[in-house]
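Reading through the structure tokens given below for one structure.
Residue numbering restarts at 1 for every chain, and letters A, B, ... go by the order of the sequence lines.
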There are 2 protein chains.
Amino acid sequence: MREGPDIARIASLVGDPARANMLSALMGGTALTASELALEAGVSLPTASSHLSKLMEGGLLTLASQGRHRYYGLAGPQVAGMIEAITGVAAAVGPQRVRPGPRDAAMRVARVCYDHLAGEQAVAMLERLVARQVLLRDDKEIQLGPSAASHFAAIGIDIHTKARRPVCRACLDWSVRRSHLAGTLGAAILDKILAEKWARREKDSRAVIFSPAGKQAFENTFLA
Amino acid sequence: MREGPDIARIASLVGDPARANMLSALMGGTALTASELALEAGVSLPTASSHLSKLMEGGLLTLASQGRHRYYGLAGPQVAGMIEAITGVAAAVGPQRVRPGPRDAAMRVARVCYDHLAGEQAVAMLERLVARQVLLRDDKEIQLGPSAASHFAAIGIDIHTKARRPVCRACLDWSVRRSHLAGTLGAAILDKILAEKWARREKDSRAVIFSPAGKQAFENTFLA
DNA sequence: CGCATAGTTCGTTCCTCATCGAAGCATCCT
DNA sequence: AGGATGCTTCGATGAGGAACGAACTATGCG
């Protein structure tokens with residue numbers, strides 16, 4: 001029996017799927033709230049809360065309380081490096097490329113990422129909005145352009161800049177290797193897509209299926 | 001829910017104490033047999049075998065069969081780097097220095113490491129043997145010196161060089177940060193210590209307790 | 001003050017997985 | 001061949017821990 005640092009304890013913290021998802025989500029560098037992490041991990045809030053306290057106790061996370069929001073973030077670069085190392089091994093040994101089924105294909109095209117749209121459609125939308133200078137992309141940050149308010153108002157989306165949560169955020173897409181739009185604006189756009197019934201959510205999946213007419217409407221609105 | 005490499009799967013492999021001990025033991029770089037790893041992990045052979053097949057399936061280990069021996073080793077530097085990273089985090093966040101109890105003190109002085117002696121006594125012994133050129137230390141390797149055979153024969157230990165297993169091997173000591181002697185010679189020395197009743201093994205522990213007379217005899221024999 | 005939102009705690013259920021004994025293969029030694 | 005050693009497989013047992021609903025606390029808003 002070996003002595004020394006308890007590596008099993010740390011590894012088992014990462015070894016639970018829900019916690020691993022949370023940690024992966026935090027690898028972006030931005031701190032997230034408990035409810036955001038719950039959605040990211042696909043578990044209920046109580047479950048997420050339990051996991052988060054375990055991660056805190058294990059020293060893997062830091063906590064910044066802001067009013068009733070509690071922002072969890074990775075404890076430091078050493079922890080991030082560890083996740084990277086594990087991810088590297090997982091990617092290396094796990095090229096168990098399951099043949100992508102129909103649902104996976106749909107997922108690549110459009111899916112829900114927390115509360116906003118991800119996938120090829122979402123990436124294309126963000127790039128178009130930036131090209132038209134409705135949004136301004138400054139390195140990793142995304143800002144509203146001068147015409148943003150009127151542009152989105154015309155579509156039927158008004159931008160709440162008062163919220164604590166940022167209006168725009170870049171979120172790295174898994175399938176494509178580019179970013180899509182998160183933040184309250186990203187959420188509002190997803191809301192509109194579902195409200196207008198341009199698309200529906202697949203049951204028990206993150207996939208978002210556009211109807212033919214809905215796809216056309218979406219493209220007219222955001223990809224014109 | 002995140003996509004991409006299944007980091008939880010890899011981390012959970014490391015997250016079991018028995019498997020973590022095995023992996024730590026293999027961090028030395030030398031491949032070990034299933035029974036060695038079972039002892040190292042403190043589990044029975046069937047249990048160890050089950051763990052090893054899981055680690056194999058996870059791609060963390062390589063297997064080299066030599067006759068009826070099966071030598072398990074880390075799959076590569078990437079895996080080793082991952083273990084390092086996890087160990088680093090565990091050491092950083094876990095300075096939960098429990099006050100060392102009496103048994104821990106005894107463990108630091110002398111304990112069993114698989115089939116040979118470890119701890120301060122063992123480290124001192126190896127350094128003395130090297131200083132007297134009975135053994136020759138070449139970087140990480142340990143060789144028998146010219147006088148080794150006669151020296152150990154005088155003590156009552158004959159060296160079997162025929163065995164597949166190496167006669168001498170350096171094994172990094174956990175408590176002290178230096179090496180002690182493993183291999184068949186290390187095992188033979190431990191056998192002698194116990195056979196002469198210079199020391200006894202603590203029940204349910206790896207600690208080795210020397211009697212006052214036994215300690216004297218040991219020092220006369222190996223530390224002179 | 002009352003309502004809504006964000007989180008945690010508690011208690012229960014359930015399932016995975018680590019564990020070991022016994023038995024079965026495989027390989028080596030003489 | 002026959003025995004010994006090294007290791008794996010099988011089957012049964014048991015404990016840890018992940019999950020969620022319900023209830024509770026805390027903060028913000030009007």
Side-chain angles (χ1 to χ4, degrees), chain A residues 1 6 8-23 31-58 61-73 114-115 160 162-165 184 187 204, chain B residues 1 6 8-23 25-26 31-58 61-73 114-115 160 162-165 184 187 204:
Chain A
M1 257 188 284
D6 191 352
R9 177 164 168 268
I10 300 300
S12 69
L13 282 174
V14 188
D16 177 83
R19 287 193 293 262
N21 282 329
M22 291 175 173
L23 292 167
L32 299 172
T33 65
S35 25
E36 283 171 324
L37 288 166
L39 272 165
E40 197 73 49
V43 295
S44 72
L45 236 167
T47 305
S49 184
S50 157
H51 285 307
L52 287 169
S53 61
K54 276 169 190 152
L55 288 170
M56 284 295 297
E57 198 179 357
L61 297 185
T62 55
L63 173 59
S65 285
Q66 283 183 16
R68 62 179 161 179
H69 293 264
R70 314 192 74 185
Y71 286 91
Y72 290 92
Y114 173 37
D115 62 355
H160 303 283
K162 311 263 181 176
R164 215 180 303 270
R165 195 171 155 216
T184 55
D204 288 331
Chain B
M1 254 184 288
D6 191 352
R9 177 164 168 266
I10 301 300
S12 69
L13 283 174
V14 188
D16 177 82
R19 287 192 293 260
N21 282 330
M22 292 175 174
L23 292 168
L26 292 171
L32 298 172
T33 66
S35 25
E36 285 172 322
L37 288 166
L39 271 165
E40 197 71 51
V43 295
S44 73
L45 237 168
T47 304
S49 185
S50 155
H51 284 308
L52 287 169
S53 61
K54 278 170 189 152
L55 288 170
M56 285 294 297
E57 198 180 357
L61 296 187
T62 54
L63 173 58
S65 285
Q66 284 184 13
R68 62 180 159 180
H69 294 263
R70 315 192 71 186
Y71 287 91
Y72 290 92
Y114 175 36
D115 61 355
H160 303 283
K162 310 262 181 178
R164 214 181 305 269
R165 194 171 158 216
T184 55
D204 286 333

Report the distance from atom [atom1] of [X] to atom [atom2] of [N], rounded to the nearest whole Å.
X	N	atom1	atom2	value
B:E36	D:dT5	CD	P	16 Å
B:D16	D:dG16	CG	P	13 Å
B:L32	D:dG6	CG	C1'	15 Å

Would you say the side chain of [Y] lies within less than 4.5 Å of the side chain of [X], judging by non-hydrogen atoms?
X	Y	answer
B:L13	B:L23	no
B:Y71	B:T33	yes
A:I10	B:V14	no

Worksheet item: For A:S44, what residues pass the side chain to side chain donor-acceptor pair (under 3.5 Å) criterion, not counting sequence neighbours?
Response: A:T47
Worksheet item: Between the two end axes of the helix from C:dC1-D:dG30 to C:dT30-D:dA1, each built from 5 base pairs, what angle do you get to the nearest 10°?
Response: 30°
Could you tell me the separation between the [atom1] atom of [X] and the [atom2] atom of [Y], rounded to the nearest 0.5 Å?
X	Y	atom1	atom2	answer
B:L45	B:L39	CG	CG	8.0 Å
B:S12	B:R19	OG	CZ	6.5 Å
B:N21	B:D16	CG	CG	9.0 Å
A:S35	A:H69	OG	NE2	8.0 Å

Worksheet item: Counting just side-chain N and O atoms, does B:R70 come under 4.0 Å of either OP1 or OP2 of D:dT8?
Response: yes
Item to complete: Would you tell me if any nitrogen or oxygen in the side chain of B:Y72 comes within less than 4.0 Å of OP1 or OP2 on D:dG6?
Response: no
Discussion item. Short of 4.0 Å, heavy atom to strand atom, which residues of residues 43-56 of chain A count as contacting DNA chain C?
Written reply: A:L45, A:P46, A:S49
